[in-house]
Protein chains: 2
Amino acid sequence: MASTLRDKNQKSAVSKSDAVYRTLKRAILDQALAAGTKLPEDSIGERLGVSRTIVRQALARLNGEGLIELRPHKGACVAQPSLEDARHIFAVRQSLETLVVDTLIGKLTPQQIRQLEAHVDAEGAARTNNTSASIQLAGEFHVLLAKLTENDVLLRYVTELVSRSSLILSLYGRPHSPDCAVSEHRELIAALDKGEREHACELMRHHIDAITTRALLKGNSEKDFPDLLAAYAREEGL
Amino acid sequence: MASTLRDKNQKSAVSKSDAVYRTLKRAILDQALAAGTKLPEDSIGERLGVSRTIVRQALARLNGEGLIELRPHKGACVAQPSLEDARHIFAVRQSLETLVVDTLIGKLTPQQIRQLEAHVDAEGAARTNNTSASIQLAGEFHVLLAKLTENDVLLRYVTELVSRSSLILSLYGRPHSPDCAVSEHRELIAALDKGEREHACELMRHHIDAITTRALLKGNSEKDFPDLLAAYAREEGL
DNA sequence: TTTTGCTTGATTGTGTACAAAACGCTCGCA
DNA sequence: TGCGAGCGTTTTGTACACAATCAAGCAAAA
């Protein structure tokens with residue numbers, strides 16, 4: 001596709017570690033690299049044709065964003081957010097995305113509204129595709145909203161949280177029905193368009209609640225056992 | 001306390017780049033390194049007795065947190081947040097710190113209340129000292145609150161934003177009167193203690209508003225002039 | 001048979017060397 | 001005297017090599 005070429009040019013011109021960073025990030029979010037997968041610097045570097053130095057930089061960045069875990073002398077692996085992590089992440093999303101809506105109310109141009117609607121149309125079209133692409137698109141809707149605020153900090157945090165949410169959904173989430181996400185997104189756009197501040201905020205709150213519920217309902221079986229053990233181990237100073 | 005010792009051992013034993021990271025961060029927040037100061041990898045490494053590799057890691061991390069700017073092939077320098085950056089940062093702080101208060105309401109133990117009061121006492125005691133230490137302590141109060149939520153994500157973001165706020169205050173802020181900060185902190189603790197949710201949230205909102213005003217009111221004289229020039233120059237493609 | 005200790009292999013942490021790019025300086029020219 | 005080009009120096013970007021650490025497998029003893 002065209003974007004690949006453009007990205008490749010940018011990367012080679014701007015920085016290689018960015019390229020590796022983006023590649024790994026996409027691989028993680030596409031679930032090509034499942035949660036918990038080890039990420040040895042050597043193999044990745046060899047596979048992508050760069051030195052370990054570059055890979056290390058990319059891994060450090062991903063670690064900073066919470067997408068991988070980086071334990072000293074033990075290497076990196078794709079993060080496995082605990083249920084508690086998940087609750088924390090969604091709580092902060094709740095707060096920040098309400099701010100997004102609050103910032104956007106009454107300031108969206110017709111063109112921007114159309115842009116949002118076009119995105120949701122794409123979500124609707126991808127409904128029949130596989131789950132991961134659908135989760136991806138649903139997440140990008142939130143990132144797009146954040147981008148429209150033109151608040152860099154807000155955009156960065158929302159982007160980060162949406163990425164981590166994708167990971168969580170792929171770990172714990174029930175099968176994910178895109179239908180409700182799409183309809184909720186449409187309602188939100190309508191409220192934003194009409195300038196109904198309270199209604200729009202309430203819709204966003206409810207929407208994130210729905211995602212949270214979908215994310216945390218499952219996953220109480222095999223995953224909690226090792227976590228419990230880890231808690232005990234930590235108390236012993238291990 | 002015991003944790004301090006443990007942390008220190010961990011630091012020296014576990015990783016050098018952490019040490020450099022912390023050193024640079026403190027230097028920036030203490031205004032030992034003024035905004036805009038160039039940070040050559042070589043000099044820093046030589047000064048701190050580590051190789052460029054380590055320094056580079058620390059710089060990358062600081063860049064991720066917005067404390068330094070890292071332009072390709074041009075090196076790092078202490079960040080100079082624009083007034084717009086400042087507005088963005090405080091807007092997000094507003095939102096997140098309200099979440100902190102909302103999370104904490106009704107869940108603080110008497111011991112934690114005492115801990116908060118002790119901190120504010122320290123703020124009051126440092127009132128006569130120099131400005132930077134005072135700003136520092138006032139910021140740490142907010143970090144302490146975030147820590148009490150036990151929400152890692154929230155803590156990380158608040159910490160980051162408080163750091164950047166310190167930088168902003170040192171750049172644009174008027175002389176900073178610690179008195180009002182202290183009294184506002186005390187009121188907030190009281191409201192938290194009594195479990196008055198709405199009142200506490202309102203106090204936090206008002207408090208951040210006050211900080212924002214203090215931060216952005218000044219700085220229209222000597223600092224805006226070069227900025228204005230830069231804007232003109234950019235329009236000319238320079 | 002199970003457990004403990006050692007040894008080996010693999011992987012990360014760090015320093016250093018070389019290549020490329022940007023900055024400052026001097027020199028030449030109008 | 002002012003301006004621009006060319007060159008040398010400084011600084012960053014990258015690769016690689018060596019040291020340190022961890023995990024696994026094997027052997028030996030209880």
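To find a chain, count down the sequence lines: A is the first, B the second, and so on, and within it residues start at 1.
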Exercise. dG15(C) P sits how many Å from Lys16(B) NZ, rounded?
Worked result: 4 Å
Problem set entry | Thr37(B) side chain vs Leu33(B) backbone, donor-acceptor pair below 3.5 Å | no
Exercise. Just how far, in rounded Å, is C1' of dT12(C) from CD of Gln57(B)?
Worked result: 11 Å
Exercise. Are any side-chain N or O atoms of Gln112(A) and backbone N or O atoms of Thr109(A), one a donor and one an acceptor, separated by less than 3.5 Å?
Worked result: yes
Exercise. Atom CD of Glu46(A) and atom C1' of dT14(D): how far apart are they, to the nearest Å?
Worked result: 18 Å
For this session: For Asp42(B) and dT16(C), give me the distance from atom CG to atom P, rounded to whole Å.
Result: 11 Å
Exercise. To the nearest angstrom, how far is Arg71(A) atom CZ from dT21(D) atom P?
Worked result: 18 Å
For this session: Output the single nucleotide from dT14(C), dT12(D), dT12(C) whose closest atom is nearest the side chain of Glu41(A).
Result: dT12(C)
Problem set entry | Which nucleotide in dT14(D), dT12(C), dT14(C) has an atom nearest any side-chain atom of Pro40(A) | dT12(C)
Exercise. Between His119(B) and His185(B), is the gap from one ring center to the other below 6.0 Å?
Worked result: no
For this session: Please report, rounded to the nearest Å, how far the C1' atom of dA10(C) is from the CD1 atom of Ile44(A).
Result: 15 Å
Seminar exercise, completed: Separation of dG13(C) atom C1' from Leu70(A) atom CG, nearest Å, is 11 Å
For this session: Choose from dT12(D), dT14(C), dA23(D) the nucleotide whose nearest atom is closest to any side-chain atom of Lys74(A).
Result: dA23(D)
Problem set entry | Of the listed nucleotides dA15(D), dA22(C), dT16(C), the one nearest the side chain of Thr53(B) | dT16(C)
Exercise. Which nucleotide sits closest to the side chain of His73(A): dG15(C), dC22(D), dA17(C)?
Worked result: dC22(D)
For this session: Ignoring hydrogens and angles, tell me if any N or O in the side chain of Ser95(A) forms a donor-acceptor pair with the backbone of Ser95(B) under 3.5 Å.
Result: yes
For this session: Find which nucleotide of DNA chain C each of Arg52(B) and Lys38(B) is nearest to by heavy atoms, and output the residue with the more 5' nucleotide.
Result: Arg52(B)
